[in-house]
Protein chains: 2
Amino acid sequence: MAGRARPDKVVPITSGRPVTSYDVARHAGVSQSAVSRCFKPGASVSKKMRARVMAAAEELGYEPNAIARSLITRRSNLIAVLISNLTNLYYPEVLAELTQRLSAAGVRVLLFTLSREAEADEVLQQVWPYRVDGVIASAQLSPAHVAEFEKRSVPLVFYNRYLNSVSVSSVCCDQEDGVRQLIDGLYKAGHRKYAIIAGPPDSVVGVERKTAALERLEELGLEDVPVLGEDYSYENGFNSVNELMAAGGGPPHAVICANDVVAIGALDSFRVNHGLVAPRDISVVGFDGVGPASWKSYDLTTIRQPVRRMTEAAVSMLLSMIEEPEMPREKRVFSGILRTGSSAKFVE
Amino acid sequence: MAGRARPDKVVPITSGRPVTSYDVARHAGVSQSAVSRCFKPGASVSKKMRARVMAAAEELGYEPNAIARSLITRRSNLIAVLISNLTNLYYPEVLAELTQRLSAAGVRVLLFTLSREAEADEVLQQVWPYRVDGVIASAQLSPAHVAEFEKRSVPLVFYNRYLNSVSVSSVCCDQEDGVRQLIDGLYKAGHRKYAIIAGPPDSVVGVERKTAALERLEELGLEDVPVLGEDYSYENGFNSVNELMAAGGGPPHAVICANDVVAIGALDSFRVNHGLVAPRDISVVGFDGVGPASWKSYDLTTIRQPVRRMTEAAVSMLLSMIEEPEMPREKRVFSGILRTGSSAKFVE
DNA sequence: TCATAAATTGCATTCGAATGCAATGTTAGG
DNA sequence: CCTAACATTGCATTCGAATGCAATTTATGA
């Protein structure tokens, strides 16, 4: 590109600091504003100018500085994604989809993971300084937190969370409907004795699944259903089954688990510790439809969350809230898709 | 805080745009520079000044604008994390650890996921404008890409990748050593007939595992080991076993898999399709030590990557490269930890 | 108590790109 | 060929915080 080296006019491509629009302007013999306009789609620039500037930019290896741009445009082109526990098998899929879609929309992702849901305070303090254009939160925020978003006019979309007390946009999988589908199928298959292995009490989704299950069972005339467990882990499923069996009274007919991983733990425990094999001796259902749910050793009956659609909805909602701040809040609830497998006797 | 409302002096806490250091300065009756200094640890400020400013800042709900700060300090406090496929069970764990550690160090994470490893070009174009302070890449970059980093003086640390042709800092798990541990244990247990189910040919780590296995087997006098498979999926393990069995010649004694998920697929296939149960009829080993490896249905013999140590190393290397750009490049290789389970007859 | 050193503070400028406005250059119509 | 209408371009300013330097205040020591 540079041809033979000319000692007094070295192309500063290897110089210390990044190339700025001024460097390009000087090199092309035009003004800085011209350079800026060349990088703005739809700006008023002649093609002669554009060609000159682009050539110079190319030659110098110029990349517009997004930081400087953000400062003046008041648009960081960043959105923050808050995720509570990435180790839950379900979330990596969501995160991958989200970043993919956001990237495609030209937005960059600032990732924040919360190990404890209570960490929200600290994390939000880290979010504000970056003047993100919006936030997708799959973590528990309080009404006070949501108020902060309002005050700062930062668009927020909840993913699989919501708050009844305040008006927030959200995308959720219909937990209640999913649980109903599961229970009804189990009931039709003749199961009358149930147990529930619940998730963490501080997970809205988890609590909802548990509550929905209890309600539906009650509607069907089944009460005093034992509820065990307290998190989303394999161990929780595994140990809860042991507890359940130790309590005497024989095994239940069917176990409704907080999610797939718990169901997998339960299945293993039934088989390994108690010699009960699904679907012959026991029925177990999960929730989420993660990859391992379809592994042959488990082949879960579960509700698959339509992650594609949900992430797509979350992203498009957020982007339109960014474009149009007065957009009314909206909740979008997607039904889960039933997957039947050999982990349960089940009648659709 | 504001006491009774005074119509003509409303605290602008709810006003449209974010509070700036000028607003705080005016409210506190000091200069903007004073405000700035109050938010800079170690700056020369009297305690009286600090108290006044902090009170004003508090009252107005001021958060320093990280974008503006980055512009002048030439430090974005952002680091980019490039991850190739989040759906590989192993990476969510890595990502969670990385963000956790980086957050703790006061650095924010810009996440980029590549669906195809070839996407690196596009992704890097998205990375440069943000003037990130550094990059952790768990994705395949070419020597040309690495040269770009050099040119731009952007610190780079590879995670479980490296390039022989150029000098780059990296953190890796010792694939060769891990494979050796696995094979030696299998060999001592008497296995003489092996098969390999490999990962994707464009994964350095995958290729390395395969090659290391073939070499070690050859050292032990075993040649003509069949190699099947081409990605990191459950299906790959599952189908490769079918192929292997269809090829005739009876089942192998032991199968070395590209990773745990492949091993799990293989185990399921052996059991479900061919009636072979580990460790009685067949031995299968994996690699990574992901969560499901220790689920009772699989109980894999595998090499667990020391993710904690590795992420810690990657983060600390990157941070010191940022502090001290002249820091020499360094490769850190960690040995994996053997986990023995019932998926293989194995002698330690 | 007074001069001098040290600690604070404010002023003015800087980072790099975007943009309103005015000053040019171009084109088209008469 | 001339002028109005339009398209380009450059100038100067802006975004919000950080910082070198000078001015001011305070602390120190004789």
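Reckoned from all heavy atoms, side chains included, excluding hydrogens, waters and symmetry mates. Reminder, nothing fancy here: chain letters follow the sequence lines and each chain counts from 1.
- Between its two ends, the helix from C/dT1-D/dA30 to C/dG30-D/dC1 turns its axis by 30°, counting five pairs per end and rounding to 10 degrees.
- Nucleotide D/dG16 holds its C1' atom 19 Å from the CZ atom of A/Arg75, rounded to whole Å.
- As rounded to whole Å, 11 Å separates atom P of C/dC15 from atom CG of A/Asp23.
- Here D/dT9 presents its C1' atom at 11 Å from CZ of A/Arg52, a figure rounded to the nearest Å.
- Straight-line distance from the CD1 atom of A/Ile72 to the P atom of C/dA17: 12 Å, rounded to whole Å.
- Picking from D/dC15, C/dG10, C/dT19 the nucleotide with the shortest atom distance to the side chain of B/Val30 gives C/dG10.
- Residues A/Tyr159 and A/Val157 have side chains not in contact (no heavy-atom distance under 4.5 Å, counting atoms from C-beta outward).
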Output a table of nitrogen or oxygen pairs between the protein and nucleotides 6-8 of chain D separated by less than 3.5 Å.
from: D/dT8; atom 1: O3'; to: A/Ser46; atom 2: OG; distance (Å): 3.4

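- Taking 3.5 Å as the limit, the base of C/dC11 and the side chain of B/Ser33 contain a donor-acceptor pair of atoms between them.
- Looking at B/Glu148 and B/Lys151, a side-chain N of the basic residue comes within less than 4.0 Å of a carboxylate O on the acidic one, giving a salt bridge.
- Using a 4.0 Å cutoff on non-hydrogen atoms, no part of residues 127-135 of chain B comes near DNA chain D.
- Between the side chain of B/Asp133 and the backbone N or O of B/Ile79, no donor-acceptor pair lies under 3.5 Å.
- With salt bridges taken as basic N to acidic carboxylate O contacts below 4.0 Å, one links B/Arg329 and B/Glu150.
- Atom CD in B/Gln32 sits about 10 Å away from atom C1' in D/dT19, given to the nearest Å.
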Checklist entry - Which parts of nucleotides 21-27 of chain D does protein reach within less than 4.0 Å, heavy atoms only, written one letter per nucleotide 5' to 3' as B for base, S for sugar-phosphate only and - for none? => result -------
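- Nucleotide C/dA17 holds its P atom 12 Å from the CZ atom of A/Arg26, rounded to whole Å.
- Atom CZ of A/Phe39 and atom C1' of C/dG16 are 13 Å apart (whole Å).
- Contact annotation: B/Thr20 side-chain N/O to D/dG16 OP1/OP2 distance is not under 4.0 Å.
- Within the nucleic acid shown, B/Ser36 comes within 4.0 Å of at least one base atom, counting heavy atoms only.
- Residue pairs meeting the side chain to side chain donor-acceptor pair (under 3.5 Å) criterion with at least one member in residues 33-49 of chain A, sequence neighbours excluded: A/Ser31-A/Ser33.
- Using a 4.0 Å cut-off, no side-chain N or O of A/Arg74 falls inside it from OP1 or OP2 of D/dC15.
- The phosphate of C/dA17 has neither OP1 nor OP2 within less than 4.0 Å of any side-chain N or O from A/Lys40.
- Across all non-hydrogen atoms, the minimal contact from B/Ser320 to B/Met327 is O-CE, 3.9 Å.
- The two atoms that bring A/Cys172 and A/Asn160 nearest to each other are CA-OD1, 3.5 Å, heavy atoms only.
- The distance from atom OH of B/Tyr22 to atom C1' of D/dT14 is 11 Å, rounded to the nearest whole Å.
- Scanning all heavy atoms of the two residues, the minimum distance from B/Ala57 to B/Phe39 falls at CB-CZ, 3.9 Å.
- Taking OH from A/Tyr130 and CD1 from A/Ile67, the interatomic distance works out to 7.5 Å, rounded to the nearest 0.5 Å.
- Between B/Leu71 and B/Gly29, the residue whose closest nucleotide on DNA chain C is further toward the 5' end is B/Gly29.
- A salt bridge is defined here as a Lys NZ or Arg NE, NH1 or NH2 lying under 4.0 Å from an Asp or Glu carboxylate O, and A/Arg101 with A/Glu97 meets this definition.
- A donor-acceptor pair under 3.5 Å links the side-chain atoms of B/Ser169 to the main chain of B/Glu330, judged by distance alone.
- Taking the six-membered ring where the residue is Trp, the centroids of A/Tyr62 and B/Trp128 are separated by 6.0 Å or more.
- Evaluation of the side-chain contact (heavy atoms from CB on, under 4.5 Å) rule for B/Glu323 yields B/Arg75 as partners, not counting sequence neighbours.
- Within the 4.5 Å cutoff, the side chain of A/Pro18 has heavy atoms near those of the B/Arg131 side chain.
- Here the closest non-hydrogen pair linking B/Val30 and B/Met49 is CG1-SD, 3.7 Å.
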